[in-house]
There are 2 protein chains.
Amino acid sequence: MIRVMSRTPRHPTREQIELPLVLDCLSDPIRLAIVYQLAQQEPVSGELCCGDFNGLAGKSNLTYHFAKLRECGLMLTRVAGTNRFMRLRREDLEARFPGLLDAVIRSAAKDADRLQHLSECEVVKVD
Amino acid sequence: MIRVMSRTPRHPTREQIELPLVLDCLSDPIRLAIVYQLAQQEPVSGELCCGDFNGLAGKSNLTYHFAKLRECGLMLTRVAGTNRFMRLRREDLEARFPGLLDAVIRSAAKDADRLQHLSECEVVKVD
DNA sequence: CAATTGGTTCAAGAACTATTGAACATTATG
DNA sequence: CATAATGTTCAATAGTTCTTGAACCAATTG
(Lines give C-alpha, C1' and ligand atoms only; values in the text may rest on other atoms or scores of the structure.)
Protein backbone atom coordinates (compact mmCIF):
# COMPACT_ATOMS: atom_id res chain seq x y z
CA MET A 1 0.00 0.00 0.00
CA ILE A 2 1.31 3.39 -1.04
CA ARG A 3 0.91 6.34 1.24
CA VAL A 4 1.29 9.73 -0.34
CA MET A 5 1.46 12.81 1.84
CA SER A 6 2.66 15.47 -0.53
CA ARG A 7 -0.52 16.20 -2.46
CA THR A 8 -3.06 18.81 -1.57
CA PRO A 9 -5.84 16.95 0.22
CA ARG A 10 -9.39 16.98 -1.06
CA HIS A 11 -11.81 19.68 -0.08
CA PRO A 12 -15.58 19.70 -0.54
CA THR A 13 -16.95 22.10 -3.13
CA ARG A 14 -18.88 25.09 -1.86
CA GLU A 15 -22.16 23.39 -2.59
CA GLN A 16 -21.12 20.28 -0.72
CA ILE A 17 -20.73 22.14 2.56
CA GLU A 18 -23.35 20.89 5.02
CA LEU A 19 -24.71 22.78 8.01
CA PRO A 20 -24.76 19.95 10.58
CA LEU A 21 -21.18 19.00 9.77
CA VAL A 22 -20.02 22.60 10.09
CA LEU A 23 -21.76 23.03 13.44
CA ASP A 24 -20.40 19.75 14.70
CA CYS A 25 -16.93 20.77 13.67
CA LEU A 26 -17.22 24.07 15.49
CA SER A 27 -18.55 22.42 18.63
CA ASP A 28 -15.20 20.89 19.55
CA PRO A 29 -13.17 23.25 21.75
CA ILE A 30 -9.90 22.50 20.00
CA ARG A 31 -11.37 23.03 16.55
CA LEU A 32 -13.14 26.16 17.70
CA ALA A 33 -9.79 27.47 18.92
CA ILE A 34 -8.20 26.67 15.56
CA VAL A 35 -10.95 28.53 13.71
CA TYR A 36 -10.68 31.40 16.14
CA GLN A 37 -6.95 31.74 15.63
CA LEU A 38 -7.35 31.58 11.86
CA ALA A 39 -9.97 34.33 12.09
CA GLN A 40 -7.59 36.47 14.11
CA GLN A 41 -4.97 35.99 11.45
CA GLU A 42 -7.22 37.26 8.67
CA PRO A 43 -6.19 40.93 8.93
CA VAL A 44 -2.62 39.74 8.37
CA SER A 45 -2.02 36.86 5.98
CA GLY A 46 -5.05 34.79 6.88
CA GLU A 47 -2.80 31.77 6.96
CA LEU A 48 -1.33 29.68 9.72
CA CYS A 49 0.49 26.40 9.55
CA CYS A 50 0.19 23.30 11.71
CA GLY A 51 3.08 24.23 13.95
CA ASP A 52 1.31 27.40 15.01
CA PHE A 53 -1.18 25.30 16.94
CA ASN A 54 1.26 23.16 18.86
CA GLY A 55 -0.07 24.45 22.16
CA LEU A 56 -3.53 23.04 21.51
CA ALA A 57 -2.81 19.32 21.24
CA GLY A 58 -0.32 16.71 20.11
CA LYS A 59 0.72 16.62 16.47
CA SER A 60 -1.28 13.63 15.39
CA ASN A 61 -4.32 14.87 17.22
CA LEU A 62 -4.02 18.19 15.43
CA THR A 63 -3.80 16.41 12.08
CA TYR A 64 -7.05 14.69 12.99
CA HIS A 65 -8.79 17.98 13.79
CA PHE A 66 -7.39 19.67 10.68
CA ALA A 67 -8.85 16.89 8.58
CA LYS A 68 -12.25 17.39 10.16
CA LEU A 69 -12.12 21.12 9.54
CA ARG A 70 -11.09 20.56 5.95
CA GLU A 71 -13.62 17.86 5.22
CA CYS A 72 -16.54 19.90 6.48
CA GLY A 73 -15.49 22.87 4.37
CA LEU A 74 -14.45 25.25 7.12
CA MET A 75 -10.88 25.62 6.01
CA LEU A 76 -8.54 25.14 3.12
CA THR A 77 -5.13 23.52 3.20
CA ARG A 78 -2.36 24.58 0.86
CA VAL A 79 0.78 22.49 0.66
CA ALA A 80 4.00 24.48 0.38
CA GLY A 81 7.22 22.55 0.75
CA THR A 82 7.23 20.90 4.12
CA ASN A 83 4.53 23.19 5.47
CA ARG A 84 0.77 23.13 5.13
CA PHE A 85 -0.85 26.52 5.27
CA MET A 86 -4.43 26.80 6.33
CA ARG A 87 -7.05 29.50 5.99
CA LEU A 88 -10.75 29.85 6.59
CA ARG A 89 -13.06 29.38 3.59
CA ARG A 90 -14.80 32.61 4.46
CA GLU A 91 -16.30 33.37 1.06
CA ASP A 92 -17.71 29.90 0.61
CA LEU A 93 -19.12 29.84 4.11
CA GLU A 94 -20.64 33.28 3.71
CA ALA A 95 -22.25 32.18 0.47
CA ARG A 96 -23.71 29.05 1.98
CA PHE A 97 -24.55 30.24 5.50
CA PRO A 98 -24.60 34.04 5.64
CA GLY A 99 -23.54 35.48 8.96
CA LEU A 100 -22.92 32.14 10.59
CA LEU A 101 -19.15 32.11 10.78
CA ASP A 102 -18.99 35.66 12.09
CA ALA A 103 -21.65 34.97 14.69
CA VAL A 104 -19.67 31.98 15.94
CA ILE A 105 -16.37 33.83 15.99
CA ARG A 106 -17.86 36.81 17.79
CA SER A 107 -19.47 34.48 20.31
CA ALA A 108 -16.16 32.75 20.85
CA ALA A 109 -14.39 36.09 21.27
CA LYS A 110 -16.98 37.14 23.81
CA ASP A 111 -16.35 33.98 25.82
CA ALA A 112 -12.63 33.75 25.16
CA ASP A 113 -11.79 33.69 28.86
CA ARG A 114 -14.18 30.80 29.45
CA LEU A 115 -13.32 28.61 26.51
CA GLN A 116 -10.44 26.22 26.98
CA HIS A 117 -7.64 26.71 24.48
CA LEU A 118 -8.78 30.24 23.64
CA SER A 119 -7.37 31.87 26.73
CA GLU A 120 -3.89 31.79 25.29
CA CYS A 121 -5.00 33.54 22.11
CA GLU A 122 -4.88 37.32 21.86
CA VAL A 123 -8.25 38.77 22.73
CA VAL A 124 -9.89 40.75 19.98
CA LYS A 125 -11.91 43.73 21.10
CA VAL A 126 -15.57 43.31 20.18
CA ASP A 127 -17.30 46.56 21.13
CA MET B 1 -35.58 4.83 44.43
CA ILE B 2 -38.13 7.52 43.76
CA ARG B 3 -38.66 8.74 40.24
CA VAL B 4 -40.45 12.05 39.89
CA MET B 5 -41.58 13.20 36.48
CA SER B 6 -44.03 15.97 37.29
CA ARG B 7 -41.68 18.77 38.19
CA THR B 8 -40.27 21.30 35.81
CA PRO B 9 -36.81 20.05 34.91
CA ARG B 10 -33.74 22.13 35.59
CA HIS B 11 -32.46 24.63 33.11
CA PRO B 12 -29.07 26.35 33.08
CA THR B 13 -29.04 30.04 33.92
CA ARG B 14 -28.31 32.46 31.12
CA GLU B 15 -24.73 32.79 32.24
CA GLN B 16 -24.25 29.06 32.34
CA ILE B 17 -24.97 28.67 28.63
CA GLU B 18 -21.82 27.47 26.86
CA LEU B 19 -20.97 27.94 23.21
CA PRO B 20 -19.54 24.48 22.42
CA LEU B 21 -22.54 22.77 24.00
CA VAL B 22 -24.96 24.92 22.04
CA LEU B 23 -23.17 24.23 18.76
CA ASP B 24 -22.97 20.53 19.49
CA CYS B 25 -26.67 20.47 20.24
CA LEU B 26 -27.49 22.21 16.98
CA SER B 27 -25.29 19.88 14.98
CA ASP B 28 -27.63 16.94 15.35
CA PRO B 29 -30.16 16.84 12.49
CA ILE B 30 -33.05 15.87 14.74
CA ARG B 31 -32.31 18.58 17.26
CA LEU B 32 -31.80 21.12 14.50
CA ALA B 33 -35.23 20.18 13.17
CA ILE B 34 -36.74 20.65 16.63
CA VAL B 35 -35.16 24.09 16.96
CA TYR B 36 -36.26 24.97 13.46
CA GLN B 37 -39.85 24.02 14.12
CA LEU B 38 -39.84 25.97 17.39
CA ALA B 39 -38.50 28.98 15.51
CA GLN B 40 -41.28 28.70 12.96
CA GLN B 41 -43.79 28.65 15.76
CA GLU B 42 -42.54 31.89 17.25
CA PRO B 43 -44.89 34.19 15.31
CA VAL B 44 -47.77 32.17 16.78
CA SER B 45 -47.43 30.93 20.37
CA GLY B 46 -43.76 30.06 20.29
CA GLU B 47 -44.62 26.81 21.98
CA LEU B 48 -44.87 23.23 20.85
CA CYS B 49 -45.27 20.08 22.86
CA CYS B 50 -43.53 16.74 22.54
CA GLY B 51 -46.30 15.17 20.49
CA ASP B 52 -45.79 17.78 17.78
CA PHE B 53 -42.45 16.15 16.93
CA ASN B 54 -43.64 12.58 16.64
CA GLY B 55 -42.58 12.45 13.02
CA LEU B 56 -38.93 13.02 13.91
CA ALA B 57 -38.18 10.02 16.13
CA GLY B 58 -39.57 7.64 18.70
CA LYS B 59 -40.89 9.02 21.96
CA SER B 60 -38.02 8.02 24.19
CA ASN B 61 -35.51 9.22 21.64
CA LEU B 62 -37.27 12.57 21.52
CA THR B 63 -37.14 12.83 25.29
CA TYR B 64 -33.41 12.32 25.02
CA HIS B 65 -33.01 15.10 22.47
CA PHE B 66 -35.29 17.43 24.43
CA ALA B 67 -33.12 16.94 27.48
CA LYS B 68 -30.01 17.85 25.49
CA LEU B 69 -31.66 20.98 24.14
CA ARG B 70 -32.79 21.97 27.60
CA GLU B 71 -29.50 21.25 29.32
CA CYS B 72 -27.48 23.32 26.88
CA GLY B 73 -29.85 26.26 27.30
CA LEU B 74 -31.42 26.28 23.85
CA MET B 75 -34.95 25.74 25.00
CA LEU B 76 -37.22 25.92 27.99
CA THR B 77 -39.71 23.30 29.11
CA ARG B 78 -42.92 24.23 30.89
CA VAL B 79 -45.00 21.47 32.45
CA ALA B 80 -48.74 21.89 32.02
CA GLY B 81 -50.89 18.96 33.04
CA THR B 82 -49.87 15.97 31.01
CA ASN B 83 -48.13 18.09 28.40
CA ARG B 84 -44.69 19.70 28.31
CA PHE B 85 -44.55 22.86 26.30
CA MET B 86 -41.27 23.96 24.85
CA ARG B 87 -39.97 27.24 23.51
CA LEU B 88 -36.65 28.65 22.40
CA ARG B 89 -34.69 30.72 24.93
CA ARG B 90 -34.27 33.43 22.36
CA GLU B 91 -33.58 36.33 24.72
CA ASP B 92 -30.98 34.44 26.69
CA LEU B 93 -29.27 33.18 23.59
CA GLU B 94 -29.28 36.61 22.02
CA ALA B 95 -27.74 38.04 25.16
CA ARG B 96 -25.01 35.42 25.28
CA PHE B 97 -24.32 34.89 21.58
CA PRO B 98 -25.74 37.77 19.53
CA GLY B 99 -26.92 36.78 16.09
CA LEU B 100 -25.99 33.15 16.45
CA LEU B 101 -29.40 31.55 16.73
CA ASP B 102 -30.79 33.55 13.83
CA ALA B 103 -27.80 32.75 11.65
CA VAL B 104 -28.30 29.05 12.32
CA ILE B 105 -32.04 29.14 11.71
CA ARG B 106 -31.63 31.11 8.50
CA SER B 107 -28.97 28.67 7.34
CA ALA B 108 -31.26 25.78 8.12
CA ALA B 109 -34.14 27.44 6.28
CA LYS B 110 -31.92 27.96 3.27
CA ASP B 111 -31.01 24.27 3.22
CA ALA B 112 -34.39 22.97 4.33
CA ASP B 113 -34.72 20.74 1.30
CA ARG B 114 -31.35 19.16 1.98
CA LEU B 115 -31.62 18.61 5.69
CA GLN B 116 -33.25 15.42 6.82
CA HIS B 117 -36.29 15.99 9.01
CA LEU B 118 -36.73 19.56 7.84
CA SER B 119 -38.32 18.72 4.54
CA GLU B 120 -41.65 18.04 6.20
CA CYS B 121 -41.63 21.45 7.90
CA GLU B 122 -43.24 24.44 6.22
CA VAL B 123 -40.66 26.45 4.37
CA VAL B 124 -40.22 30.01 5.57
CA LYS B 125 -39.42 32.57 2.93
CA VAL B 126 -36.01 34.11 3.54
CA ASP B 127 -35.55 36.92 0.99
C1' DC C 1 23.98 12.02 1.48
C1' DA C 2 22.80 12.28 6.52
C1' DA C 3 20.24 14.61 9.75
C1' DT C 4 16.56 17.62 10.88
C1' DT C 5 12.10 19.69 10.51
C1' DG C 6 7.27 19.45 9.74
C1' DG C 7 3.59 16.82 9.27
C1' DT C 8 0.81 12.30 8.21
C1' DT C 9 -0.85 7.55 8.83
C1' DC C 10 -2.24 3.73 11.35
C1' DA C 11 -3.93 0.97 15.20
C1' DA C 12 -5.77 0.68 19.62
C1' DG C 13 -8.34 2.11 23.52
C1' DA C 14 -11.35 5.06 26.32
C1' DA C 15 -15.24 7.73 26.33
C1' DC C 16 -19.24 9.41 24.66
C1' DT C 17 -23.82 9.48 21.63
C1' DA C 18 -27.84 8.02 19.57
C1' DT C 19 -31.40 4.66 19.36
C1' DT C 20 -34.66 1.19 20.94
C1' DG C 21 -38.19 -1.05 23.74
C1' DA C 22 -40.17 -2.23 28.06
C1' DA C 23 -41.69 -0.48 32.36
C1' DC C 24 -43.25 3.37 34.69
C1' DA C 25 -45.33 8.06 36.32
C1' DT C 26 -48.76 11.71 35.94
C1' DT C 27 -52.81 13.85 34.65
C1' DA C 28 -57.21 13.93 32.31
C1' DT C 29 -61.52 11.66 30.97
C1' DG C 30 -65.49 8.53 30.79
C1' DC D 1 -62.23 4.40 39.99
C1' DA D 2 -60.64 2.44 35.46
C1' DT D 3 -58.77 3.75 31.31
C1' DA D 4 -56.43 6.39 28.08
C1' DA D 5 -53.14 9.91 26.75
C1' DT D 6 -48.75 12.01 27.26
C1' DG D 7 -44.35 11.73 28.22
C1' DT D 8 -40.25 9.88 31.23
C1' DT D 9 -36.86 6.56 32.98
C1' DC D 10 -33.87 2.82 32.59
C1' DA D 11 -30.86 -0.65 30.53
C1' DA D 12 -28.75 -2.46 26.64
C1' DT D 13 -26.47 -1.91 22.33
C1' DA D 14 -24.35 -0.24 18.14
C1' DG D 15 -21.79 3.13 16.49
C1' DT D 16 -18.94 7.21 16.64
C1' DT D 17 -15.35 10.42 18.34
C1' DC D 18 -11.27 11.83 20.55
C1' DT D 19 -6.70 10.89 22.01
C1' DT D 20 -2.15 8.72 22.07
C1' DG D 21 2.22 6.87 20.42
C1' DA D 22 4.97 4.53 17.12
C1' DA D 23 6.20 4.33 12.48
C1' DC D 24 6.48 6.74 8.53
C1' DC D 25 6.99 10.28 4.43
C1' DA D 26 8.71 14.46 2.15
C1' DA D 27 11.33 18.53 1.79
C1' DT D 28 15.06 21.29 3.60
C1' DT D 29 19.58 22.05 5.58
C1' DG D 30 24.32 21.12 6.77
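Proteins get letters first, then strands, A, B, ... in listed order; numbering begins at 1 in each. The structure presented is a predicted model; accordingly, all values stated were derived computationally and were not measured.
Among C:dT19, C:dT26, C:dG6, the nucleotide with an atom closest to any side-chain atom of B:Ser6 is C:dT26. Minimum atom distance to the side chain of B:Tyr64 is reached by C:dT17, of the listed D:dG7, D:dT8, C:dT17. Here D:dT17 is the nucleotide among D:dT17, C:dA18, C:dG7 with the atom lying nearest to any side-chain atom of A:Lys68. The side chain of A:Ser60 lies closest to C:dC10, out of D:dC18, C:dC10, C:dA18. When each of D:dT6, C:dC24, C:dG7 is scored by its nearest atom to the side-chain atoms of B:Met5, the top-ranked nucleotide is C:dC24. Closest approach to the A:Thr82 side chain among D:dC25, C:dT5, D:dT19 is made by C:dT5 (side chain taken as heavy atoms from C-beta onward). The listed nucleotides are D:dT8, C:dG6, D:dC18; the one nearest the side chain of A:His65 is D:dC18. Out of C:dT8, C:dA18, D:dT8, the shortest distance to the side chain of B:Thr63 is found at D:dT8. Taking the side chain of B:Asp28 as heavy atoms from C-beta on, and the options D:dT9, C:dA18, C:dT8, the nearest nucleotide is C:dA18. Here D:dT19 is the nucleotide among D:dG7, C:dG7, D:dT19 with the atom lying nearest to any side-chain atom of A:Ile30.
B:Phe53 and B:Leu26 fall within the same hydrophobic cluster, defined by Ile, Leu, Val, Met, Phe, Trp and Tyr side-chain heavy atoms under 4.5 Å apart, directly or through other members.
Residue contacts for A:Leu62: at a heavy-atom cut-off of 4.0 Å it reaches no nucleic acid atom on any strand shown. At the heavy-atom level, A:Asn61 lies under 4.0 Å from base atoms of the strands shown. Residue A:Arg31 is classed as a sugar-phosphate contact, given heavy-atom separations below 4.0 Å to backbone atoms only.
With respect to the salt-bridge test (charged N to carboxylate O, under 4.0 angstrom), the residues B:Glu47 and B:Arg84 do not qualify.
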